[in-house]
Amino acid sequence: MTPCILITGGAGYIGSHTAVTLMEAGHRVVIIDNLCNSSPRVLDRLRRLCGNSFEFVQADVRDGAALDAIFTQHPVNSVIHFAGLKAVGESMAQPLRYFDNNVGSTISLLQAMDRADVRRIVFSSSATVYGDPQQVPIPETAPLKATNPYGRTKLICEDMLRDLQCADPRWQVAILRYFNPVGAHPSGLIGEAPSGVPNNLMPYITQVAVGQRDYLSIFGNDYPTPDGTGVRDYIHVMDLARGHLAALDHLANEQQSITVNLGTGYGVSVKQLVDTFSRVAGRPIAHRHVARRSGDVAACYADTSLARTILGWQAEHDIARMCEDAWRWQSINPTGYAS
Ligand code: NAD
Ligand code: UD1
């Protein structure tokens with residue numbers, strides 16, 4: 001039987017794009033997702049893009065028996081673990097839910113993998129583990145510090161994976177620290193569909209552009225950055241997806257665990273992103289300058305040299321392309337998967 005890749009959280013934003021990239025590269029995929037933050041309609045869209053080269057299991061990753069059944073029924077040789085809750089503000093209001101879901105699911109998954117003798121895993125971490133960075137661009141060796149419960153769950157899972165590698169060298173682990181994923185598949189069939197009011201900048205901009213929100217609040221214009229607005233490392237979700245393929249290839253070929261930043265290496269300000277989006281979409285984005293958002297840092301962008309050297313991977317899409325694809329997705333699907 002052809003080996004396959006288990007994707008937890010594969011109905012979500014990054015997981016669905018990665019599933020497409022893996023299938024396009026010829027891999028068979030099994031997705032497990034409890035759909036707590038995604039729509040079952042994603043699966044129809046994946047079928048339209050890739051046919052039936054995947055299986056879907058609706059279950060919680062904390063359910064060890066459901067995982068055992070997957071490992072028994074499918075010849076899984078690697079796992080990509082996206083499943084998790086990701087809203088910073090929510091994690092501050094409901095820390096136990098975040099620890100239970102994010103840490104609990106990772107423990108459950110690693111135990112099931114061990115039982116099944118599958119010890120190759122790619123883990124979704126975040127630039128949030130760098131806290132308020134002392135330097136930019138940020139290398140992987142920078143000090144780690146969580147500033148909220150969400151970030152702490154990522155650090156705990158990273159630590160767990162490091163301890164596991166020390167205890168048993170058969171584990172092959174790739175910890176990928178994403179910067180700011182944006183954009184959508186070029187088909188416009190899948191994309192980011194946040195429920196409720198978006199927390200993040202790009203979905204907020206696209207919802208203003210499509211007329212669902214009146215205006216964008218720009219948080220802070222007095223940062224020590226060239227135009228005073230916050231600077232981030234936006235990365236096209238299709239580049240990010242390709243980074244997972246490169247990480248899996250690395251683990252399979254080199255059998256060596258890695259921790260790598262996935263970003264473009266370029267900082268882009270809120271103002272630059274808004275201006276680029278307006279140009280690409282051909283419409284103004286109404287906005288107002290308001291106070292800084294608490295917990296935000298001035299600038300955060302990646303040192304990407306390790307990803308280039310170790311994985312032979314680098315981001316290809318520029319900010320205009322990110323805006324173009326995000327806009328195509330939003331304008332074809334004004335209310336996300338409910339459209
Ligand atoms: P998402 O919410 O779109 O996808 C996560 C998926 O996991 C959802 O489909 C959800 O239903 C599922 N899920 C959550 N808990 C589950 C559980 N216990 N069992 C089964 N399924 C479960 O989020 P995303 O943006 O695709 O993020 C994927 C991963 O990348 C997350 O771990 C997130 O923390 C991390 N990450 C995301 C970003 C970002 O900006 N989007 C940045 C850095 C890191
Ligand atoms: C946020 C999370 C971070 C997570 C990352 C990627 C917080 C405090 N941090 O980071 O943990 O890893 O998303 O998912 O939530 N902005 C506006 N107006 C808006 C929204 C955002 O001006 O309506 C600005 C922000 O101040 C920031 C930039 O846009 O300067 C990007 O914000 P956002 O998309 O929320 O990402 P991060 O703050 O990098």
Side-chain angles (χ1 to χ4, degrees), residues 7-18 31-40 42 57-63 66-67 80-92 97-98 100-106 108-109 123-131 146-148 150-151 153-154 157 176-182 191-195 197-205 207-208 213 215-221 223 225 229-235 237 240-241 262-263 267-271 273-274 287-301:
I7 305 186
T8 78
Y13 172 45
I14 306 172
S16 57
H17 289 79
T18 304
I31 291 173
I32 177 171
D33 199 304
N34 63 5
L35 303 180
C36 69
N37 196 38
S38 46
S39 161
V42 175
V57 177
Q58 182 171 352
D60 196 295
V61 181
R62 288 166 293 181
D63 179 347
L67 291 174
I80 309 183
H81 181 33
F82 292 105
L85 303 173
K86 59 166 185 177
V88 172
E90 190 181 67
S91 80
M92 286 155 74
R97 183 168 160 238
Y98 270 67
D100 182 17
N101 194 80
N102 292 5
V103 180
S105 68
T106 305
S108 157
L109 177 66
F123 175 67
S124 294
S125 190
S126 164
T128 193
V129 298
Y130 296 120
T147 54
N148 54 65
Y150 164 68
T153 67
K154 289 294 170 192
C157 292
L176 303 182
R177 294 182 181 147
Y178 314 152
F179 279 66
N180 291 60
V182 296
E192 186 170 15
S195 48
V197 182
N199 297 310
N200 299 116
L201 180 60
M202 183 65 102
Y204 209 106
I205 292 177
Q207 290 195 5
V208 171
R213 316 249 162 229
Y215 64 90
L216 169 75
S217 295
I218 297 186
F219 300 141
N221 61 358
Y223 283 110
T225 58
T229 65
V231 165
R232 296 291 184 275
D233 186 339
Y234 299 96
I235 172 167
V237 67
L240 194 67
L262 294 183
V268 170
S269 74
V270 176
K271 187 172 183 313
L273 192 67
V274 169
H287 58 270
R288 291 182 193 168
H289 290 281
V290 301
R292 292 179 180 191
R293 178 172 67 179
S294 115
D296 270 359
V297 302
C300 175
Y301 51 96

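Every number for a ligand or one of its atoms is a count from 1 in the order of the listing. Computed from a predicted model, the values in this text were never measured in an experiment.
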Below 4.5 Å, heavy atoms only, C-beta onward: do Tyr178 and Ile235 meet side chain to side chain?
no
Numbered in order shown, the ligand 2 atoms found under 4.0 Å of a heavy atom of Gly230 are 30 (O)
Distance col, row Leu240:CG vs Ser124:OG, nearest 0.5 angstrom, shows 8.0 Å
Ranked by distance from atom 18 (N) of ligand 2, the top protein heavy atom is Ser217 O, 2.7 Å
Nearest non-hydrogen contact to atom 16 (C) of ligand 1 from the set Asn34, Leu176, Thr8 belongs to Asn34
Tyr223 and Val297, any side-chain heavy atoms less than 4.5 Å apart = no
So for Ala127 against ligand 1, with non-hydrogen atoms under 4.0 Å, the contacting part is neither
* Asked: Can you find a pair of side-chain heavy atoms, one from Thr225 and one from Ser269, that are under 4.5 Å apart?
  -> no
- Query: Does Pro181, backbone or side chain, put an N or O under 3.5 Å from an N or O of ligand 2?
  - Reply: no
* Should Val231 and Tyr301 be marked as a side-chain contact (heavy atoms from CB on, under 4.5 Å) after you check the CA-CA gap, both sets of side-chain angles, and the distance that decides it? -> CA-CA 8 Å; Val231 165; Tyr301 51 96; 4.1 Å; yes
protein heavy-atom neighbour closest to atom 34 (O) of ligand 2 works out as Leu201 N, 2.9 Å
Q. Do Arg232 and ligand 2 have an N or O pair less than 3.5 Å apart?
A. yes
Checking heavy atoms under 4.0 Å, the part of Pro198 that sits near ligand 2 is neither
Ranked by distance from atom 31 (C) of ligand 2, the top protein heavy atom is Tyr234 OH, 3.3 Å
Taking only non-hydrogen atoms of Cys36 and a 4.0 Å limit, the atoms of ligand 1 in range are 10 (C), 11 (O), 13 (N), 14 (C), 15 (N)
Atom 12 (O) of ligand 2 has as its nearest protein heavy atom Ser126 OG, 3.0 Å
* Can you check side-chain contact (heavy atoms from CB on, under 4.5 Å) on Ser38 and Asp33, steps first, answer last? -> CA-CA 8 Å; Ser38 46; Asp33 199 304; 3.4 Å; yes
* **Nitrogen or oxygen of Ile32 less than 3.5 angstrom from that of ligand 1** => no
When distances are taken from atom 16 (N) of ligand 2, the protein heavy atom at minimum range is Phe219 CD1, 3.6 Å
query = Heavy-atom contact under 4.0 Å between Lys154 and ligand 1?
reply = yes
Ranked by distance from atom 35 (O) of ligand 2, the top protein heavy atom is Arg293 NH2, 2.8 Å
Residue, atom and distance of the protein heavy atom nearest atom 19 (N) of ligand 1 read Val61 N, 3.0 Å
Atom 8 (C) of ligand 1 has as its nearest protein heavy atom Asp33 OD2, 3.5 Å
of all protein heavy atoms, closest to atom 43 (C) of ligand 1 is Ser126 CB, 3.5 Å
A student checking ligand 1 against Ala83 at a 4.0 Å heavy-atom cut-off should list atoms 7 (O), 13 (N), 16 (C), 21 (N), 22 (C)
Review point. So, is Ala11 polar-close to ligand 1, with some N/O to N/O distance under 3.5 Å?
Key: no
Heavy-atom side-chain contact between Leu67 and Arg62 under 4.5 Å:
no
Closest to atom 26 (O) of ligand 1 among protein heavy atoms sits Ile14 N, 2.8 Å
Sorted by chain and number, sequence neighbours left out, side chain to side chain contact (heavy atoms under 4.5 Å, CB included) with Asn221 holds for Thr229, His289
The side chain to side chain contact (heavy atoms under 4.5 Å, CB included) partners of Asn102 (sequence neighbours excluded) come to Leu85, Tyr98, Tyr150, Thr153
Ligand 1 to Ser125, heavy atom cutoff 4.0 Å, flagged ligand atoms 43 (C), 44 (C)
Ranking Pro181, Ala193, Pro194 by closest non-hydrogen atom to atom 42 (C) of ligand 1, top hit is Pro181
Ligand 1 atoms nearer than 4.0 angstrom to some heavy atom of Ala59 are 20 (C)
request  = Flag the pair Lys271 / His287 as yes when at least one side-chain heavy-atom distance between them is below 4.5 Å, and no otherwise.
outcome  = no
Note: Asn199, heavy atoms under 4.0 Å from ligand 2, region reported as backbone
Atom 31 (C) of ligand 1 has as its nearest protein heavy atom Phe82 O, 3.1 Å
the protein heavy atom lying closest to atom 9 (N) of ligand 2 turns out to be Val88 CG2, 3.7 Å
Any heavy atom of Asp296 under 4.0 Å from ligand 2? The part involved is side chain
Legend entry - Heavy-atom donor-acceptor pair, Ser105 side chain to Val61 backbone, under 3.5 Å: no
With heavy atoms and a 4.0 Å threshold, my read on which part of Leu35 contacts ligand 1 is backbone
_For Gly104, is there any backbone N or O sitting under 3.5 Å from a side-chain donor or acceptor partner on Ser108?_
no
Q | Side-chain touch Asn199/Pro194, heavy atoms, less than 4.5 angstrom | A | no
A student checking ligand 2 against Ile218 at a 4.0 Å heavy-atom cut-off should list atoms 22 (O)
Any heavy atom of Asn37 under 4.0 Å from ligand 1? The part involved is both
| field | Stepwise side-chain contact (heavy atoms from CB on, under 4.5 Å) check, Lys86 with Asn37 | value | CA-CA 10 Å; Lys86 59 166 185 177; Asn37 196 38; 4.3 Å; yes
- Item | Side-chain heavy-atom pair Asp296, Arg232 within 4.5 angstrom cut-off | yes
Counting from 1 in the order shown, the ligand 1 atoms closer than 4.0 Å to a non-hydrogen atom of Ser124 are 29 (C), 30 (O), 32 (O), 35 (C)
Distance col, row Asp60:CG vs Ile32:CD1, nearest 0.5 angstrom, shows 7.5 Å
For Ser38, the atoms of ligand 1 under 4.0 Å from one of its heavy atoms are 8 (C), 9 (O), 11 (O)
Notebook entry, point to check: Does an N or O from Asn200, backbone or side chain, lie closer than 3.5 Å to an N or O of ligand 2?
Noted result: yes
With heavy atoms and a 4.0 Å threshold, my read on which part of Asn180 contacts ligand 2 is side chain
* Are any of the N/O atoms in Ser294 less than 3.5 Å from those in ligand 2? -> no
heavy-atom search around atom 24 (C) of ligand 2 in the protein gives Val270 CG2, 3.7 Å
The answer for which part of His81 has a heavy atom under 4.0 Å from ligand 1 is neither
Check: Cys157 versus Phe123: any side-chain heavy-atom pair under 4.5 Å?
Finding: yes
Atom 5 (C) of ligand 1 has as its nearest protein heavy atom Gly84 O, 3.9 Å
Please indicate whether any nitrogen or oxygen in Asn101 is less than 3.5 Å from any nitrogen or oxygen in ligand 1. yes
When distances are taken from atom 24 (P) of ligand 1, the protein heavy atom at minimum range is Lys86 NZ, 3.8 Å
